[in-house]
Amino acid sequence: MENCGIIRRTELHFRAEHPLLSTEIIEVSENKFVIYCEGHSGDFEELKQGFAKQKPLTLEAELSSIKPEDFIRIIPKIKDTEIAKNFEGVLMSKGQLISLLHDKFPESTIYDIDDIDNGVISLYHASYTDLKDGQKRHVFTPKNTLDAIQNFLNGMNYSVIFKLKEVKINPNEQSEEINSWTDVILARNRIRKVKPYLDRDRSLWHDNLDGIFSGSFKKEDLFFIDDEYSCFVDYTYSKNLDIRNLLLLYPV
């Protein structure tokens with residue numbers, strides 16, 4: 001729902017920490033919310049103070065054990081089966097959002113994200129010219145990809161305005177605008193010998209995450225489930241992955 005994404009995500013994470021509570025999101029005045037709680041047997045003031053410390057700084061919300069009588073509307077909660085829908089139930093850091101956009105939109109050159117400023121978050125995509133195999137080429141994010149990224153960001157219901165801004169950079173020079181993410185983009189595009197199916201397979205998970213999470217996307221829906229395809233999994237970058245999690249997805 002418009003302008004309700006942040007309170008819905010906040011309530012979801014609060015509910016995950018307190019699964020025995022019955023909660024309801026109530027908008028008592030414009031952009032001011034109360035999460036009405038039933039079923040708490042402990043010190044409610046302690047619970048209320050803990051929520052106040054953990055909630056997003058820009059969110060005007062509090063817990064209440066008494067349901068308000070006067071309010072604007074009741075906001076639908078994010079259901080457990082909808083957590084992955086448009087990534088609405090997922091809180092992301094800047095780096096996580098950039099990684100997601102790179103995976104979902106392989107042609108993206110987004111390299112930096114500003115902090116929120118008056119309800120606006122700016123995302124910067126690089127445009128530059130370099131040489132590849134002796135040929136000069138212009139690297140940029142295509143217009144149709146920018147439109148798709150904008151639609152995707154709007155669909156996340158983050159209660160902010162996302163703005164995409166192009167920045168022309170010199171890949172051979174360092175400046176204040178260049179950071180580690182720019183290096184990733186430059187490296188990725190310079191060695192753009194990635195097999196097309198790798199981008200396709202990587203996008204598959206993001207495009208079907210909602211169905212995978214809710215159970216409507218089945219093993220049989222994987223186009224590589226027959227013997228024509230095989231896969232490899234790189235476990236060197238993380239110590240927290242369990243290979244057994246993949247046994248239900250892939251024939252072994």
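No hydrogens, no waters, no symmetry mates; every other heavy atom, side chains included, goes into these values.
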So, the side chain of [X] versus the backbone of [Y]: is there a donor-acceptor pair under 3.5 Å, distance only?
X	Y	answer
Glu24	Val34	no
Lys67	Ile26	no
His138	Tyr128	yes
Arg15	Ile78	yes
Lys55	Leu59	yes
Thr145	Thr141	no

Please report the C-alpha distance between Phe162 and Leu123 in whole Å, then the side-chain angles of each, then the deciding distance to 0.1 Å, and finally whether the side chain to side chain contact (heavy atoms under 4.5 Å, CB included) criterion is met.
-> CA-CA 7 Å; Phe162 289 101; Leu123 295 86; 3.5 Å; yes
Can you check whether [X] reaches [Y] side chain to side chain, under 4.5 Å on heavy atoms?
X	Y	value
Leu164	His125	yes
Ser108	Ile149	yes
Arg73	Cys4	yes
Ile25	Ile74	no
Glu60	Asn31	no
Asp114	Tyr124	yes
Phe44	Cys37	yes

Same apolar cluster (I L V M F W Y, side chains within < 4.5 Å links), Phe152/Val160 =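 Same cluster.
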Would you give the length of the straight line joining atom [atom1] of [X] to atom [atom2] of [Y], rounded to the nearest 0.5 angstrom?
X	Y	atom1	atom2	value
Asp112	Ser122	CG	OG	10.0 Å
Ile110	His102	CD1	NE2	6.5 Å
Glu17	Phe51	CD	CZ	10.0 Å
Lys163	Gln150	NZ	CD	10.0 Å
Lys168	Thr129	NZ	OG1	8.0 Å

I need the minimum non-hydrogen distance between [X] and [Y], along with the two atoms involved.
X	Y	answer
Thr109	Ala126	OG1-O, 2.7 Å
Gly39	Leu21	C-CD2, 3.6 Å
Ser127	Phe140	OG-CB, 4.1 Å

Any pair counted as side chain to side chain donor-acceptor pair (under 3.5 Å), so long as it reaches residues 38-53, sequence neighbours left out |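 Checked against side chain to side chain donor-acceptor pair (under 3.5 Å) - neighbours excluded - the pairs reaching residues 38-53 are Tyr36-Glu38.
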Can you sort out the partners of His18 under ring pair (Phe, Tyr, Trp, His ring centres under 6.0 Å), two or more places apart, ordered by chain and number?
->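 For His18, the residues satisfying ring pair (Phe, Tyr, Trp, His ring centres under 6.0 Å) (neighbours in sequence not counted) are Phe14.
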Tyr111 vs Ile98, side chain to side chain contact (heavy atoms under 4.5 Å, CB included): CA-CA, chis, key distance, verdict | CA-CA 7 Å; Tyr111 69 93; Ile98 290 176; over 6 Å; no
Other residues, nucleotides, ligands: >12 heavy atoms within 6.0 Å of Lys77 NZ |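 It does: Lys77 NZ has more than 12 such atoms within range.
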Near Asp70 CG, under 6.0 Å, is it more than 12 heavy atoms from other residues, nucleotides or ligands?
->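 Atom CG in Asp70 is not packed in, count stays at 12 or less.
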Using the side chain to side chain contact (heavy atoms under 4.5 Å, CB included) rule, pick out the option among Ile121, Ile161, Leu97 that qualifies with Leu153.
->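 Of the listed options, the one satisfying the test is Leu97.
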Could you go step by step and tell me if Ile75 and Arg8 meet the side chain to side chain contact (heavy atoms under 4.5 Å, CB included) rule?
-> CA-CA 8 Å; Ile75 307 297; Arg8 298 178 78 214; 3.8 Å; yes
